[in-house]
Each structure stands twice: as structure tokens, then as C-alpha cells.
Amino acid sequence: MADNIFAKIIAKQIPAQIVFEDDRALAFRDINPQAPVHILVLPKKAIANVGAAVTGDEALLGHLLTVAAQIARNEGIDSTGYRLVVNKGRDAGESVPHLHVHLLGGRSLNWPPG
Ligand code: DGP
């Protein structure tokens, strides 16, 4: 198992506010929310970042988006809108080496991002 904080959350070794789980994905509230709704959607498979995804991961990557959309409906932000963000590497501010999709909503979000 990869030794990072998200791998430990997936393994239930450390707690998180989980909002969704199935055999392929886990979603939980971000510890440092940047919006009223800020949820991270992860594959259970250890993929370090989007650049490390390989042929065969396509369905899993698509699953993360449909899970995020379902969570947005559950959170009541589908009609007002939301943003999905995947940070990759230093310039994007990626801080945890396990692929994760940020689901942000519940307020008006600036564009372009900083
Ligand atoms: P990124 O910068 O894209 O790698 O985003 C990592 C996010 O993970 C950041 O918004 C804070 C969140 N985070 C880091 N450690 C923890 C943790 O232990 N628990 C939870 N729930 N979120 C965490």
C-alpha cells in the first residue's frame, strides 16, 4: 500500500468524513474546505496523479466524474453549479500523491483560478 494520507484514509487507518464509497471510489470532505461544499473523490486504486493513469484506467476515471456529479446532487448544489478540479504537480499545488478530484460548490467561484 502506498504510504500517503489518502491511502491511509482508504484503508480506514485514519478517519475522514466519508460521503460516498463503493468498490472503486471513496469520497470525503476536505479537511481545509475552500467552499461550503468541498469534497475529494478518489479512486481506491493507487494512482499517484492523473499523469500516472494508464490504458485501462479510463472507466475508473470516468467513474470518478459520475460519482462527483451524484455527490453534487446529494449536496444540493447541482442547480447552482460546482467545479471539479484535478491538481497535477508543483505548479498546480498538488500536495498528496494519490489522484483526487476536488468537488467545490455552494458559493460563486472565481474564474480564472489563481
Ligand atoms: P491537492 O492540493 O490537490 O493535492 O489537494 C489535497 C487536499 O487534501 C487539500 O485540499 C487538503 C486535503 N487534505 C490533506 N490532508 C487531508 C486529510 O488528512 N484529511 C482530509 N479530509 N483532507 C485532507
Side-chain angles (χ1 to χ4, degrees):
M1 189 187 75
D3 185 26
N4 65 70
I5 197 81
F6 289 172
K8 290 175 179 163
I9 290 173
I10 291 166
K12 309 286 171 61
Q13 293 173 348
I14 65 170
Q17 292 183 49
I18 293 171
V19 299
F20 174 90
E21 180 170 17
D22 68 8
D23 59 326
R24 290 183 288 168
L26 184 72
F28 52 85
R29 296 189 191 282
D30 194 291
I31 204 168
N32 183 25
Q34 302 300 311
V37 175
H38 188 172
I39 290 167
L40 304 173
V41 184
L42 285 62
K44 288 188 172 177
K45 179 182 177 184
I47 300 173
N49 58 60
V50 70
V54 296
T55 301
D57 288 332
E58 295 92 342
L60 178 57
L61 299 182
H63 184 57
L64 300 180
L65 297 187
T66 57
V67 165
Q70 181 58 54
I71 294 169
R73 287 188 285 273
N74 296 348
E75 295 285 321
I77 58 171
D78 182 67
S79 61
T80 50
Y82 53 89
R83 184 171 295 162
L84 303 179
V85 174
V86 178
N87 293 320
K88 198 281 184 192
R90 182 189 60 202
D91 281 357
E94 178 198 344
S95 61
V96 182
H98 185 113
L99 176 62
H100 48 283
V101 177
H102 294 257
L103 165 61
L104 296 148
R107 68 170 173 83
S108 182
L109 300 165
N110 295 329
W111 192 264

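Values reported hereafter were calculated over all heavy atoms of this structure, with side chains retained and with hydrogens, waters and symmetry mates removed. Whatever order the structure lists them in is the order used to number ligands and atoms, beginning at 1.
Taking the six-membered ring where the residue is Trp, His102 and His38 present tilted rings, their angle falling between 30° and 60°.
Applying the 6.0 Å contact sphere to CD of Glu58 captures more than 12 heavy atoms from other residues, nucleotides or ligands.
Close N/O approach between Ile31 and ligand 1 is found [any backbone or side-chain N/O within under 3.5 Å]. For ligand 1, the polar-atom distance check against His102 finds a nitrogen or oxygen pair separated by under 3.5 Å. The shortest N or O to N or O distance between Glu94 and ligand 1 is not below 3.5 Å. Checked against a 3.5 angstrom limit, the closest N/O atoms of His38 and ligand 1 fall outside it. Residue contacts with ligand 1: Gly93 is placed with a nitrogen or oxygen under 3.5 Å of a nitrogen or oxygen of the ligand (distance criterion only).
Taking all atoms of both residues into account, the shortest heavy-atom contact from Pro43 to Ile47 is CG-CD1, 4.5 Å.
Using a 4.0 Å heavy-atom cutoff, Val96 is listed among the residues neighbouring ligand 1. Residue contacts with ligand 1 do not include Val85, since none of its heavy atoms lies under 4.0 Å from the ligand. Taking a 4.0 Å cut-off on heavy atoms, His100 registers as neighbouring ligand 1.
Counting atoms of ligand 1 from 1 in the listed order, those under 4.0 Å from a heavy atom of Ile5 are 18 (O). Every atom of ligand 1 is numbered from 1 in the order shown, and the set under 4.0 Å from a heavy atom of Asn87 is 1 (P), 2 (O), 3 (O). Under a 4.0 Å criterion applied to the non-hydrogen atoms of Phe28, ligand 1 contributes the atoms 20 (C), 21 (N).
His98 and His100 have their aromatic ring centers separated by at least 6.0 angstrom.
Within the model, atoms CD1 of Ile39 and OH of Tyr82 stand 11.5 Å from one another, a figure rounded to the nearest 0.5 Å.
Here Ser95 has heavy atoms under 4.0 Å from ligand 1 in both its backbone and its side chain. Here Arg29 has backbone heavy atoms under 4.0 Å from ligand 1, and that is the only part of it that gets that close.
When each of Leu99, Leu42, Val86, Leu103 is tested with Leu64 by the rule side-chain contact (heavy atoms from CB on, under 4.5 Å), just one qualifies, namely Leu99.
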